[in-house]
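Below is one structure, written out as structure tokens; the observations come after it.
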Amino acid sequence: MAYEITLLTTMAISVLFALSLNFITGFCGQISLGHAAFMGVGAYTAATMMKASISLLFVIPVAAVFAGVLGLLVGFASLRVRHDFLAITTMGVVFLFVGVVRQQEFLGGEIGISGIQQSVLGRTGFMLLCVVLAGVFAGFSLLVKRSWLGFVFDSIADNEDVSQVLGIDVAKYKLFAFVVGTATAGTAGALYAQHYRFVGPDSFGFVESISVLAMVVVGGIGSVWGVMFAAAVLSVLPLLIQFVDDYKILVYSALLFSMMRFSPDGLAGIVQRLLNRVRNR
Amino acid sequence: MLYLELLFQGIVQGSIYALIALGLTLVYGLLRILHVAHAALFTLGGYIGVIVTNQTGSLALAILAAMIVVGLVGVAMYKLAYEPLLSKPPFIALIASIALFIAAEELFRIIFGPYGLSYENPPLQGGFEIISGFFLKYGEALVIILSILILSVLGWVSGYTRLGVSWRATVTDPDMARAFGVNTQHVRYLNFFIGSALAAVAGVLVALLNNLVEPTMGSVPSYKALAIIVLGGLGSIRGTLLASMILGVIESFGTIYIGHLLDRDALAFGFLIVVLMFRPQGLLGTR
Amino acid sequence: GTIKIGFNVPLTGFAAADGLSAKTGAELAVEQINGAGGVKGDMLELVIYDDQASPKEAVPIAQKLIEKDEVVAGVSGSYSGSTRAAAGIFQEAGVPYISAYAIHPDITRAGNFVFRTSFVGEVQGRAGAKLIGESLGLKRVAIITLKNDFGQALAAGFKEAASSFGIEILSEYEYSIKDRQFGPIVSKVRADKPDVIYASGYFFTAGPLVSQLRAGGIDVPIIGQEGYDSQKFIEIAGAASEGTIITTSLDRDSSVAETQDFIKAFEAKSGQKADMVAASAHTAIKVLAEALQSSGASDRAAIRNAIAQTNLTASTGQISFNKLGEVQKSVQVQIVKDGQWHHHSVIDDAELLSPPSE
Amino acid sequence: MKPVLEVKNVTVRFGGVTAVDDASLTMQGGDLIGFVGPNGAGKTTLMRVITGIVRPHEGSVWLEGKDLTKLATNQRIRAGLALAQQIVQPLRKMSLLENVALACGFSKTANPFKALKSFDKSAEKATARELLRRVGLQDVVDAEPSKLPLGYLKRLEVARALALKPKLLLLDEPLAGLNQSEASSLADLIKTLNQDGLSILLIEHNLREVLRICPQVYVQDLGKSLAFGNSNEIMNQPEVIKAYLGES
Amino acid sequence: MLKVENLSAGYGDIIAVRDLSFSLERGQVLAFLGANGAGKSSTLMCLMGLVEQKSGTIKMDGRDITATKVEARISSGLAIVPEGRRIFPDLSVHENLIVGGHVVSAKIMTDGIDYVYTVYPRLAERRNQAAGSLSGGEQQMLAMGRALISQPQLLIVDELSLGLMPKVVDECYAVLQTLKQNNIGVLLVEQNTERALSVADKIRVLEAGNLTWSGSATDAKNNNSLRQSLMGIS
Ligand SMILES: Nc1ncnc2c1ncn2[C@@H]1O[C@H](COP(=O)(O)OP(=O)(O)OP(=O)(O)O)[C@@H](O)[C@H]1O
Ligand SMILES: Nc1ncnc2c1ncn2[C@@H]1O[C@H](COP(=O)(O)OP(=O)(O)OP(=O)(O)O)[C@@H](O)[C@H]1O
Ligand SMILES: [Mg+2]
Ligand SMILES: [Mg+2]
């Protein structure tokens with residue numbers, strides 16, 4: 001049972017993290033290849049505070065705020081650059097984040113921060129906290145999708161210039177998406193620090209940014225349920241397919257590739273097609 | 001004197017970046033795909049280069065073989081992986097490309113082993129002294145000469161020949177290019193062939209300079225080359241060249257003078273971000 | 001019956017080469033032990049998981065080893081990041097854990113269930129300082145540091161001890177684990193005109209580094225450490241590798257029977273030359289088996305106590321632990337001669353090499 | 001009463017080309033002005049200056065006495081401008097109905113927090129449906145824009161602009177691509193809208209329709225204001241004939 | 001020289017034109033008329049091979065080109081001025097014209113470009129400007145010019161006068177007259193019905209993908225109900 005708790009916690013954190021990217025990329029159409037940096041900000045903030053014996057429940061909001069502030073800055077960058085330029089700029093953010101963090105003695109430099117204490121919640125309690133936070137944000141995402149906010153996001157994702165001409169203050173909306181998405185990533189980061197009780201510069205690099213993007217795309221970009229499912233599965237897939245051993249990553253990447261190649265709209269797309277087929281019978 | 005040497009080292013590095021990034025620019029220009037798996041072709045080039053050299057003893061033959069094989073693999077990659085995704089949103093192809101890249105790294109490891117390969121009798125060792133105390137290695141000289149040669153030929157073709165104009169027409173509107181008789185399919189094959197062959201050349205040369213090819217050899221170029229083509233202004237050949245050289249030189253001086261503040265990658269990307277904030281379209285990009 | 005031993009090791013990713021060596025070394029040890037009748041008649045079984053040298057993978061793997069596979073003890077065949085993350089989990093669960101070759105000091109500080117059969121980075125760095133300042137009598141040093149926990153720990157130890165050996169540090173350069181092109185550093189080092197270079201790295205970075213330093217016309221001695229310790233280093237650097245001196249755990253020319261046996265058996269099993277990583281993993285398993293033998297494989301606390309009492313001659317020399325679980329042994333110095341690693345000297349200064357004890 | 005639109009001495013240069021050269025124009029409330037001039041005269045550019053897509057090098061733009069020059073496009077739209085562009089730009093992943101409904105909801109989309117609090121779209125969809133009917137697109141409200149021919153999209157642009165309930169409507173060649181009967185019915189709609197009190201500035205090369213519905217025309221050539229006044233009189237001026245109509 | 005029989009064309013499941021037959025001789029102009037979405041553009045693009053042909057045959061000078069690729073059709077003398085201009089925005093004006101001459105020899109191309117610059121001096125002025133920054137009308141001239149470079153036997157023009165000022169419309173129609181005199185066939189789609197009737201020899205009217213009227217331009221002019229439906233009140 002204990003191991004299952006670990007898996008569930010891992011899944012819940014990934015779901016929260018993936019949904020936070022989905023908010024920016026799936027909803028508002030702003031592609032980010034550097035999302036792990038924001039998780040990193042949250043994780044480092046939390047790790048430093050927890051080392052100073054500050055309670056997890058206080059740590060989480062602070063981590064969210066720190067990540068959100070950085071998110072706001074990157075959001076401003078997104079007002080200058082677009083599309084592929086934005087993708088690479090955000091990618092730059094994650095490299096810069098890792099590069100800066102690894103030079104900071106107070107953040108443990110290359111070595112990172114370890115020996116973080118377990119919280120008072122215990123492993124089960126912590127798992128429940130993670131699941132609840134992921135659930136709450138999923139609910140919020142679903143709400144946004146139904147609201148006019150979601151409608152405006154659709155139009156910005158579609159064409160920013162046209163949105164302007166329809167009287168939409170694109171900049172405000174983009175900043176909003178960035179702040180919400182990155183603050184949530186910061187929250188996931190705080191949970192990460194508690195869960196692994198270790199943070200290091202390499203834990204929040206480009207590879208992690210791509211993994212989370214893969215979760216969003218495999219789930220079906222913009223689809224809340226799809227992204228949740230994909231994040232849950234992909235986060236533990238490497239552990240589940242341990243038995244293929246040496247071929248683990250090969251299998252993982254082959255699955256990812258096939259998914260893109262044969263169902264580019266993700267799991268959500270597959271489900272949609274199946275539903276259509278059933279309905280058309 | 002030291003500055004001159006550092007500058008020169010920057011140019012060597014820049015030339016390698018340019019060879020790799022150029023293929024990426026070609027692909028991006030034509031298909032708007034951020035072709036990360038390009039770096040896997042670079043690694044493949046390195047492997048073929050070392051293996052053929054070790055078998056035959058001829059570096060020239062190895063370069064040729066690497067160009068042809070990798071060029072064809074590039075075309076196959078386009079055909080099997082990208083062509084079906086062209087009408088999809090760009091990040092689909094990006095993720096697919098990353099997946100391909102990871103898979104390729106794993107295949108290299110499984111096929112050639114994790115330890116990497118080296119030239120048994122590394123060719124072009126040694127060098128000559130241009131001015132006193134200033135060594136130029138044969139390998140580095142070859143890198144620079146080949147890059148200049150290849151890049152100027154390409155620049156000339158794309159800017160001044162009918163073929164180049166057709167290529168650029170295909171870039172902006174493939175359907176209309178077809179409507180004027182451009183065989184866009186051939187253009188794409190050729191594009192991938194040339195771009196991949198260039199990556200292969202870079203792979204052989206880097207293998208030569210390091211005397212090592214490893215499964216993960218492509219990890220640096222995989223993202224740095226993306227930064228370069230963006231910095232240059234996506235799709236601009238001259239921009240790519242300029243950005244490669246600037247990054248090479250910045251990294252060269254940066255390693256020595258601010259290496260303790262920021263590593264090479266962070267340096268390169270920090271520079272990229274600063275430039276993009278002032279020129280969102282890249283150095284030589286147009287909007 | 002069988003006794004399960006957990007083994008986390010990087011089989012994919014950037015550290016896969018060392019991972020393969022470690023895995024082969026550990027498997028060799030298990031084969032040898034089982035071939036000799038196992039532990040009190042029970043066969044050892046390695047439960048191997050790939051941790052990609054990443055803490056993120058290592059944590060769930062440690063949990064799985066402990067909670068799902070119910071191993072009696074664990075051995076790390078991995079780098080510091082993942083080993084350190086896993087160590088906390090093993091400690092909390094009260095399962096003994098031995099790090100074969102990861103160098104970070106915090107690993108054993110996770111608690112009393114965690115041991116290490118190789119040197120802490122700082123210790124080896126200090127040994128490097130003694131080697132340069134005293135044995136070689138060279139004073140003006142340029143340091144080239146691999147920018148990760150391994151390289152920085154070495155550099156820290158080196159710098160700490162440098163002044164006591166009269167060493168003057170002219171300059172220090174850092175490079176990242178992905179770098180293979182060192183042109184700018186070579187140019188600058190040449191301009192610095194040092195007497196000797198102290199450069200950290202793994203064989204895949206050190207190979208290109210050493211060959212580029214030599215090709216750049218720098219002919220002063222180059223001192224490395226156990227990261228170089230692989231035949232592959234010599235293959236990559238080729239002729240340029242001649243004369244490179246390193247501090248490590250494995251002495252190829254050792255007269256100790258265990259070491260010679262290991263080298264032969266490893267080459268027979270893998271077709272590769274033995275290296276430090278393989279020897280260390282081999283040693284760690286041997287240490288664990290010895291403890292199982294003396295304590296029985298039932299009670300983990302008893303196993304821990306048995307490990308703490310270890311006094312064993314293994315392929316990397318005489319092994320015993322201090323109260324923190326750090327190994328106390330002498331440092332081997334090897335030099336490349338005619339394309340092979342050979343004995344150069346031994347550094348045997350108990351005070352200088354004393355590992356941290358708390 | 002303040003003029004609804006004032007363009008004062010606007011100049012725009014692109015590199016060496018001066019697209020708009022010291023152009024001025026004043027529109028009173030309720031005007032319907034035909035904006036004509038040769039190809040490349042800078043009409044679209046001036047229109048873009050008015051909507052804020054292009055920043056003028058010199059000059060200013062005023063709407064009902066309010067200086068717009070420093071405002072962003074979306075703020076100008078909220079101040080009462082609406083634009084139907086020459087090159088159609090539908091939101092391609094939305095149906096026509098959604099395209100228009102989004103514009104109808106402009107009071108709900110003023111900022112993200114307001115938008116987050118609003119869920120109901122039925123009123124906007126009803127209005128959107130009515131607007132699409134007015135431009136003759138009632139049969140394709142649920143179609144995807146990318147599958148529709150140009151003429152439909154032109155009318156979508158107009159419907160979407162109307163959805164913003166503007167004080168001043170800017171139309172850039174709305175009739176191009178429509179056949180003559182379609183064009184004249186859209187022109188009738190424009191006329192009706194104007195009679196209902198909306199001020200409209202209409203760029204159009206379809207002179208027949210311009211002369212039919214616009215009481216006044218404003219002519220621009222080589223970026224400069226050439227003439228302004230009663231349509232029929234202006235069109236008989238020799239310099240207009242020379243620059244625009246040609247000999248025949 | 002062009003003979004089309006029972007042509008159907010469309011996009012996937014959508015059929016845009018059904019069962020269309022017509023023919024055209026050298027020196028003739030055939031104009032398609034009809035409302036938005038009638039299938040005019042689809043027909044033209046199908047002739048070029050750019051829209052999927054579902055059934056029917058296309059013959060050029062007696063040769064069946066139904067199954068041939070786009071490039072082959074260009075070589076057999078077709079050229080198009082597409083709807084919405086579709087010039088190459090990133091290329092300069094001059095380079096756009098070079099693409100227009102992709103299939104012909106360098107000599108023919110150079111002559112063609114010179115000819116276009118004399119017909120449209122505005123383009124010569126802007127030869128090095130990126131085509132995307134041209135005004136709407138300038139782009140239309142460029143689209144027209146680009147199609148003329150390869151000295152086509154059959155010119156296909158979709159919406160010739162779209163966005164052109166009256167003076168330039170006159171010039172373009174003058175060019176069509178010249179082409180007619182040079183024995184070149186023209187397929188024309190035109191919303192300006194009067195203009196179309198003035199130059200065309202034959203008229204075909206499409207409605208919702210079906211051919212609903214065909215006849216000579218003179219017949220069309222005299223057919224009141226037709227004029228009514230195409231020109232609205234007049
Ligand atoms: N971004 C740009 N860069 C360079 N020149 C430009 C740019 N935009 C417009 N121009 C030039 O400015 C002039 C005016 O263009 P504009 O589009 O305003 O003309 P217009 O009056 O709308 O013409 P039309 O009736 O043909 O649409 C043209 O000559 C055009 O080539
Ligand atoms: N890319 C496409 N995919 C699907 N359907 C299309 C596509 N393009 C056009 N259609 C459909 O084909 C039909 C005919 O369109 P076409 O563009 O040929 O009309 P048209 O007569 O040229 O109209 P217009 O006068 O507006 O240019 C329309 O019903 C349209 O919806
Ligand atoms: Mg215009
Ligand atoms: Mg049409």
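Naming: A, B, ... by sequence-line order, numbering from 1 per chain. In what follows, every heavy atom counts, from backbone to side chain, and hydrogens, waters and symmetry copies are set aside.
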For this session: Check each atom of C/Thr145 against the heavy atoms of chain B and say whether the ones under 4.5 Å are side chain, backbone, both or neither.
Result: neither
Problem set entry | Structural part of B/Glu106 lying under 4.5 Å from a heavy atom of chain C | side chain
Exercise. Under a 4.5 Å heavy-atom cut-off, does chain B meet the side chain of C/Lys232, its backbone, both or neither?
Worked result: side chain
Exercise. Could you give the distance from CD1 (C/Ile236) to CG (B/Asn211), rounded to the nearest 0.5 Å?
Worked result: 7.5 Å
Exercise. Tell me, do C/Ser176 and B/Arg264 make a side-chain contact under 4.5 Å, heavy atoms counted?
Worked result: no
For this session: Answer whether the closest heavy-atom distance between the side chains of C/Tyr173 and B/Thr255 falls below 4.5 Å.
Result: no
Problem set entry | From B/Ser118 atom OG to C/Ile234 atom CD1, the distance as rounded to the nearest 0.5 Å | 12.0 Å
Problem set entry | Within residues 197-213 of chain C, residues adjacent to chain B where the heavy-atom gap is under 4.5 Å | C/Phe203, C/Phe204, C/Pro208, C/Gln212
For this session: Work out which heavy atom in B/Thr216 is nearest to a heavy atom in C/Phe14; give both atom names and the distance.
Result: CG2-CA, 4.2 Å
For this session: Heavy-atom distances under 4.5 Å only: say whether B/Asn121 touches chain C with side chain, backbone, both or neither.
Result: neither
Seminar exercise, completed: When the 4.5 angstrom heavy-atom criterion is applied to B/Gln13 and chain C, the contacting part is side chain
Exercise. Just how far is it from atom CZ of B/Arg109 to atom CG of C/Leu11, taken to the nearest 0.5 Å?
Worked result: 7.0 Å
Exercise. How long is the gap from CE on B/Met217 to NZ on C/Lys178, to the nearest 0.5 Å?
Worked result: 16.0 Å
For this session: Indicate whether the side chain of B/Tyr115 and that of C/Ser21 have a donor and an acceptor atom separated by less than 3.5 Å.
Result: yes
Exercise. Is any side-chain heavy atom of C/Glu235 closer than 4.5 Å to a side-chain heavy atom of B/Glu120?
Worked result: no
Problem set entry | Interface moiety of C/Ala191 toward chain B, non-hydrogen atoms closer than 4.5 Å | side chain
Problem set entry | Check against side chain to side chain contact (heavy atoms under 4.5 Å, CB included), C/Gln181 and B/Ile16 | CA-CA 11 Å; C/Gln181 225 101 69; B/Ile16 293 172; 3.9 Å; yes
For this session: Working to the nearest 0.5 Å, report the span between NZ of C/Lys188 and CG of B/Leu6.
Result: 8.5 Å
Problem set entry | Proximity breakdown for C/Glu172 and chain B, heavy-atom pairs closer than 4.5 Å | neither
Exercise. Where is the tightest heavy-atom contact between B/Gln9 and C/Gly183, given as atom of each residue plus distance?
Worked result: OE1-CA, 3.3 Å
